[in-house]
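Before any comments, here is the structure.
Keep in mind that what you see is a predicted model, and the values were worked out from it rather than measured.
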Amino acid sequence: MIASPWDLILTVVFLATGLICLGDLIARRIGRPADAEGLADEELIDINHAVMSAAMILMTWVTVLDAVTWAQIALFAIFALALLSALARAHGFPHRVELVGHVVLNAAMIWMLAAMPLLMAGMDMGGDGGSAHAGHHGGGDEMGLMATPVWADVVNTAFIVACALGAAWWLYRAAVARGHRMHALCHALMAAGMGAMLWLMNL
């Protein structure tokens, strides 16, 4: 799905984010009181990002059935709704911004899954980079039919910018936060990796 060497780079990135979130989730579950019920917001975020990391790795390497794609879309929509409900319990501006950031990343993931055929329409299936460039920008009658629509380019660019802003925010939080910074760095890496993948799909 993604050309070399980006497939390997993104796999390493999302493997790192997935393992960090799983490690944090295990640590939180071990450390929480025995009588605590339900999922804490931080645990929900860890699960969300671990699943998202696995889905991104899968998307990097293989094309899945439409049913699997729509199942993933439904799953990340559920995560987004759960994170939106957590906004009502959020305390403080940074916490609210971070929850909104996670919701935006879920929206970007849903967009990526749903719009993948459009985003990759201009890519050359035969390996000729020049033909791919012409197809994406509407050059040639046959390849022009495969060009990515302008509106899809615009929406995709908006999500790339949103991912970049999210990465910048979490880098800032990692710089100013006291104590455990790995979580913020993990989220920054996730946002940057997602933005890069959206960009690569739309080349």
Side-chain angles (χ1 to χ4, degrees), residues 1-2 6-33 36-65 67-87 89-90 94-114 116 159 162-167 169-171 173-174 177 179-198 200-201:
M1 293 296 298
I2 301 296
W6 291 107
D7 50 0
L8 295 174
I9 294 171
L10 289 172
T11 297
V12 171
V13 166
F14 295 125
L15 184 61
T17 58
L19 290 176
I20 290 170
C21 286
L22 281 176
D24 281 348
L25 176 62
I26 293 170
R28 293 181 200 279
R29 297 297 293 183
I30 291 174
R32 69 184 310 205
E37 297 181 0
L39 285 174
D41 293 346
E42 293 80 6
E43 293 173 340
L44 174 62
I45 291 169
D46 286 336
I47 295 171
N48 182 29
H49 279 290
V51 174
M52 189 179 291
S53 298
M56 297 286 278
I57 292 173
L58 179 66
M59 196 184 307
T60 300
W61 291 97
V62 299
T63 300
V64 298
L65 298 174
V68 176
T69 296
W70 287 107
Q72 291 181 75
I73 289 172
L75 178 61
F76 290 114
I78 292 170
F79 278 131
L81 290 173
L83 290 167
L84 278 174
S85 67
L87 275 172
R89 303 187 298 271
H95 189 196
R96 290 188 178 91
V97 172
E98 290 183 8
L99 283 172
V100 170
H102 293 304
V103 172
V104 171
L105 288 186
N106 274 280
M109 186 70 187
I110 291 169
W111 162 255
M112 188 187 302
L113 286 163
M116 191 188 310
F159 275 116
C163 288
L165 291 174
W169 166 260
W170 277 303
L171 284 175
R173 291 295 297 161
H180 185 50
R181 294 182 172 89
M182 184 60 71
H183 213 58
L185 289 173
C186 172
H187 297 156
L189 190 60
M190 170 66 78
M194 183 172 293
M197 194 156 177
L198 286 168
L200 289 167
M201 283 185 172

To the nearest 0.5 Å, what is the distance between [atom1] ([X]) and [atom2] ([Y])?
{"X": "H187", "Y": "H102", "atom1": "NE2", "atom2": "NE2", "value": "4.0 Å"}
{"X": "H95", "Y": "L87", "atom1": "NE2", "atom2": "CG", "value": "8.0 Å"}
{"X": "L25", "Y": "I45", "atom1": "CG", "atom2": "CD1", "value": "11.5 Å"}
{"X": "M112", "Y": "T69", "atom1": "CE", "atom2": "OG1", "value": "12.5 Å"}
{"X": "L15", "Y": "L19", "atom1": "CG", "atom2": "CG", "value": "4.5 Å"}
{"X": "I110", "Y": "F79", "atom1": "CD1", "atom2": "CZ", "value": "11.0 Å"}

Could you work out, with side chain to side chain contact (heavy atoms under 4.5 Å, CB included) as the rule, every residue matching [X], not counting sequence neighbours?
{"X": "W6", "answer": "I2, I9, L200"}
{"X": "L8", "answer": "W61"}
{"X": "C186", "answer": "T17, I20, C21"}
{"X": "A86", "answer": "D41, R89, L99"}

Side chain proximity check, [X] to [Y], heavy atoms < 4.5 angstrom:
{"X": "V103", "Y": "L81", "answer": "no"}
{"X": "D24", "Y": "E42", "answer": "no"}
{"X": "V51", "Y": "F76", "answer": "yes"}
{"X": "M197", "Y": "F14", "answer": "yes"}

Scan [range] for pairs that pass salt bridge (charged side-chain N to carboxylate O under 4.0 Å, His left out), counting only residues two or more places apart or in two chains.
{"range": "residues 183-196", "result": "none"}
{"range": "residues 102-112", "result": "none"}
{"range": "residues 98-109", "result": "E98-R173"}
{"range": "residues 49-62", "result": "none"}

* Could you pull out all residues at least two apart from R96 that satisfy salt bridge (Lys or Arg N to Asp or Glu O under 4.0 Å)? =>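 Expected list: none.
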
For [X] and [Y], work out which heavy atoms get closest and say how close.
{"X": "G166", "Y": "A191", "result": "C-CB, 4.2 Å"}
{"X": "A174", "Y": "L185", "result": "CB-CD2, 3.7 Å"}
{"X": "M56", "Y": "M194", "result": "CE-CA, 3.7 Å"}
{"X": "A108", "Y": "C163", "result": "CB-SG, 4.2 Å"}

* Please walk me through it: do V100 and L84 pass side chain to side chain contact (heavy atoms under 4.5 Å, CB included)? -> CA-CA 8 Å; V100 170; L84 278 174; over 6 Å; no

Partner set under side-chain hydrogen bond (donor to acceptor under 3.5 Å, both in side chains) for [X], not counting sequence neighbours:
{"X": "Q72", "value": "none"}
{"X": "W111", "value": "N156"}
{"X": "D46", "value": "R28, H183"}

